[in-house]
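Naming: A, B, ... by sequence-line order, numbering from 1 per chain. The figures here come from the full heavy-atom set of this structure, side chains too, leaving out hydrogens, waters and symmetry mates.
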Amino acid sequence: MDKTYQPHEIERAWYEKWEQKNYFAPSGQGDAYSIMIPPPNVTGSLHMGHAFQDSIMDSLIRHQRMLGKNTLWQAGTDHAGIATQMLVERKLAAEEGKSRHDLGRDAFIERIWEWKEESGGTITRQLRRMGASLDWSRERFTMDEGFYKAVQEVFVRLYDDKLIYRGKRLVNWDCKLHTAISDLEVENKDQSGHLWHFRYPLANGALTAEGKHYIVVATTRPETMLGDSAVAVNPKDKRYQNLVGQYIDLPLVGRRIPIIADDYVDAEFGTGCVKITPAHDFNDYEVGKRHQLPMFNILDHNGAVLSRAEVFNSDGTANGDLDDRLPEQYHSLDRFEARKLIISEFEAAGLLEKIDDHALKVPYGDRSGTVIEPLLTDQWFVAVADLAKPAIAAVEQGDIQFVPKQYENMYFAWMRDLQDWCISRQLWWGHRIPAWYDDCGNVYVARTEAEARSKYQLSHDLALTQDNDVLDTWFSSALWTFGTLGWPEQTPELKTFHPSSVLVTGFDIIFFWVARMIMFTLKFTGEVPFKTVYVHGLVRDQDGQKMSKSKGNVLDPLDLIDGIELETLVAKRTGNMMQPQLAKKIEEQTRRHFPEGISAYGTDALRFTFLSLASTGRDIKFDMNRMEGYRNFCNKLWNAARYVLMNTENQDCGIQGEAVELTLPDRWILSRLQETEQQIAKHFADYRFDLLANALYEFVWNEYCDWYLELSKPVLWDENAPAERLRGTRRTLVQVLETILRLAHPLMPYITEEIWQRVAPLAGQQGDTIMLQAYPLADESLIDPAANADIEWLKGVMLAIRNIRGEMNIGPGKTIRILLRNADQEDLRRLETTRTLLLKLAKLEEIQVLATGADAPMAATGLLGNMEILVPMAGLIDKEAELARLAKELDKLNKEIARLDGKLSNAGFVSKAPAEVVAKEREKLAEMQSAYTRLSEQQAEIARI
RNA sequence: GGGCGAAUAGCUCAGUUGGGAGAGCGUCUGCCUUACAAGCAGAGGGUCGGGGGUUCGAACCCCUCUUCGCCCA
């Protein structure tokens, strides 16, 4: 083996072998355990969030696989409607100068499929680099033929159950992409804008309480005034009570609109008067419905002003009675141009009261980057109220459990306040809505046109056209757990692997995905989609900032695995930017953070880092220093294996059941191994990957490497040691290492496989891969508290000697002798058990036991319980240094004694605290006092010289 | 404005019946000791955000304030 751990030399080969041998597929044996991967976007590439999430899922699935379960980790990707369509449109424009309209719908979709075949596999290749043991043979895509069947089935059944309807509703409209988008795709940005105060003249000579002919409304979006239906005030607002029921003559438009009272209005905000524009604002839309106000849509799909408003009643039906005229000068004017003109016209008419600066949130489309417009359009909706009830009950009853539990509250809060879900998108790429229209606009929903004709008994010559829209990508994602298993067919896979065992996801998509999966899955399968939802935090940079391209703080997981040169990293972060002006700042920042670029840490170190960061918090601050520490941990494991192999290969390790002698250290490390296995089992059950990683790290480094390997040396290097003892030590070395590898495998698949291949035969283990070995489970009969206590005693003696060596500057190469005074029977017994080990490990030439109270030469003193560990000073230690060291010790003891003394002289404590707590404190105090006495006597003695 | 979350060593974070404040990294000191300098040994470092309360006893329970983050309006 190499002297240093070199991750890139081992990773790829192992993954290829695992995949080729089909180790990732379900074994067909044992209880089922399944995880459906949250399907990554087919256009995407692996980011830190994926890498984090996949590390967790892979650890779970490898753990369960090793426990003998019939495991399925379902692979797949999501067709990502907008993202994919935009990507291919841009490519088409760049390469051929054509738009999708030049090609037409069918040809364009053909192009997308071509793109997908060629380039859609990026993220799945990257997942392989992470070591993800997904069953690729079952990989699914949400636009697969089979998946489309499931989508259609769900749509048709929901429609027939009256849970899907079509209607004119206000939606988030992207004026550039010409489609409705979901709330998830809207990013609300803080901006400084203005609040324009407009005078609206009162009709019929009405006057305000102050005697004015007008009232003042404030707005952040002046252009919407063209669509005003009313002015609202708070019903309790005394200033305007007399005006409720009166009218306004809307400037520029000339429409007469009422003044209404509604609790929505905040009397304290602005003037307390609010213009109501139901067709262009979500709040106003609700107000409009409450007061049956007509809706005036004034914008077209590009966000330009119409020549005539589209007028609807509050239920969405067309209204042919009201005046739909709009001022001519606004026709075809873009919304932002219209805003300017409106302001100047109000000003010219003396109707602009004032302009205030105002901080507001502006909605932007995350794909197009343009301001999103609330727009009245015909869309398809899912009525969620009835679907939500069983979905809430499933969590209340514990059929689905959230981990950590607090997220259940977030889920309930959202489910109780659910809006109908707009599922149609004006795109070409996606699942086309299975609805057909005749010339009169009647709608027929069925799986095919032919089915529509028979279902609705339509004549053969009636012309039907299919709805042009496609479904929201999340609609198909909501079917993911059962759609991937063949539903609506009742397949064996569906029967075996559904419901899935656990969903691993970020809290940010509980609403958009988790809740909808629960609703749809319950409705169509009668089962929950998963029994547990493990919710993890979001990966942020070292300062807690969200990682984003525009901030330039994005880390590519593959760069952490493979390493990257500084110049390449700078180019990668500053290339192809939406806002090129930020490039300079990002370059500076990158050069500051990574002056040497990023070195290669390997997949295992990256995975272990993610897992050790997976606690219950919401934010995961990714810290390169921690990853370096875990890379070092890999190296430690690697070198421990080298040591073990050097001492066991081609030697008698007792694997044929030969007689062995197990030394105290052997029994101790085996005992500690069982306890570690117990802890790890508990942490897996609790999804506490951070504690799990810690327990493993602690055992491997601080117990196995720091102590056991060192304790094995005196045995292995003892030429006179009996064969049984050598065999016992070698067997323990190898067995414990082999068990560590299996324990660690779910977290660090590559390094453990690489080492296991060499170590397993020595430990008498058979098998082609560690992946399919049994996961270690604790054997309680091997837990040995006595051995543990004895080793703790040995560590105590070692620590006392090392402390004196360190503080007194006695080099580690220097052999010394020690004296023990005040040793009791137990100390003496332990001394005899460990004498050889102590002599070797502490570099001692002699350990001499003194009778209690016997005189001793001048010596530096350490204490272990009542036993004094003396290192004679002659020629080694200078008086002042020892006095200073003792003073420091005494000072520490003094503080602790004062604290305990205070506690024990508190009558309340002694009388009310549990007896064992009081007894424990008394014992501690006595120990400290005794230690204090001894050390101060020693101090006096040395001072006398 | 409403809701949720966070605040513990210089940094990143554990601390699950309320009973001796921990880890890793960084810092200081000494070591190329034949598994590992990506290492070994030793040491230093914290009024657990502020204030109040409950309790014999609070990092932990309650109230309040401050700061930061996220979601919603």
List, one per line, each side-chain donor-acceptor pair under 3.5 Å for residues 918-931 of chain A, sequence neighbours excluded.
{"unit_1": "A:Glu921", "atom_1": "OE1", "unit_2": "A:Lys903", "atom_2": "NZ", "d": "3.3"}
{"unit_1": "A:Glu921", "atom_1": "OE2", "unit_2": "A:Lys924", "atom_2": "NZ", "d": "2.8"}
{"unit_1": "A:Ser930", "atom_1": "OG", "unit_2": "A:Asn866", "atom_2": "OD1", "d": "3.1"}

Margin query: Just to verify, what does A:Ile392 make a side-chain contact (heavy atoms from CB on, under 4.5 Å) with, not counting sequence neighbours?
Written below: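 Partners of A:Ile392 by the side-chain contact (heavy atoms from CB on, under 4.5 Å) criterion, ordered by chain and then number, come out as A:Glu396, A:Phe412, A:Met415.
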Next item on the list: Using the test side-chain contact (heavy atoms from CB on, under 4.5 Å), find all partners of A:Lys713 that sit at least two apart in sequence or belong to another chain.
Entry: A:Tyr643, A:Glu710, A:Trp717
Next item on the list: Provide the start and end nucleotides, 5' to 3', of the part of RNA chain B that has atoms under 4.0 Å from heavy atoms of chain A.
Entry: B:C4 to B:A73
With sequence neighbours excluded, what pairs up with [X] under the side chain to side chain donor-acceptor pair (under 3.5 Å) test?
{"X": "A:Glu11", "value": "A:Thr603"}
{"X": "A:Tyr534", "value": "none"}
{"X": "A:Lys912", "value": "none"}

Checklist line | A:His536: ring-ring contact (aromatic ring centres under 6.0 Å, His included) partners, not counting sequence neighbours | finding: A:Phe52
Identify all side-chain donor-acceptor contacts of residues 799-813 of chain A below 3.5 Å with residues at least two apart in sequence or on another chain.
{"unit_1": "A:Asn803", "atom_1": "OD1", "unit_2": "A:Arg885", "atom_2": "NH1", "d": "3.1"}
{"unit_1": "A:Arg805", "atom_1": "NH1", "unit_2": "A:Gly811", "atom_2": "O", "d": "2.8"}
{"unit_1": "A:Arg805", "atom_1": "NH1", "unit_2": "A:Lys814", "atom_2": "O", "d": "2.8"}
{"unit_1": "A:Arg805", "atom_1": "NH2", "unit_2": "A:Lys814", "atom_2": "O", "d": "2.9"}
{"unit_1": "A:Arg805", "atom_1": "NH2", "unit_2": "A:Ala842", "atom_2": "O", "d": "2.9"}
{"unit_1": "A:Arg805", "atom_1": "NH2", "unit_2": "A:Lys843", "atom_2": "O", "d": "3.2"}
{"unit_1": "A:Glu807", "atom_1": "OE1", "unit_2": "A:Lys888", "atom_2": "NZ", "d": "2.9"}

Note to self: Checking side-chain polar atoms at under 3.5 Å, does A:Asp604 have a donor or acceptor matched by the opposite partner on A:Tyr630?
What the structure shows: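 No donor-acceptor contact under 3.5 Å links the two side chains.
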Check: Can you give the dot-bracket line for RNA chain B, using ( ) for pairs inside the strand, [ ] for pairs that cross earlier ones, | for pairs with another strand and . for unpaired bases, where Watson-Crick and G-U count if both distances are under 3.5 Å?
Finding: ((((((((.[[[[.)...(..]]]].(((((.......))))).....[[[[[..)....]]]]]))))))).
Next item on the list: Sticking with atom C1', work out how far B:U29 lies from B:U34, rounded to a whole angstrom.
Entry: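 Their C1' atoms lie roughly 26 Å apart.
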Next item on the list: Could you give the distance separating B:G26 and B:A38 at their P atoms, to the nearest angstrom?
Entry: 11 Å
Next item on the list: Give me the residues of residues 798-811 of chain A where at least one heavy atom lies under 4.0 Å from an atom of RNA chain B, by number, or none.
Entry: A:Leu799, A:Arg802, A:Asn803, A:Glu807, A:Asn809
Notebook entry, point to check: Looking at residues 401-408 of chain A, who's got a heavy atom less than 4.0 Å off RNA chain B?
Noted result: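 Going residue by residue through residues 401-408 of chain A, none turns out to have a heavy atom under 4.0 Å of RNA chain B.
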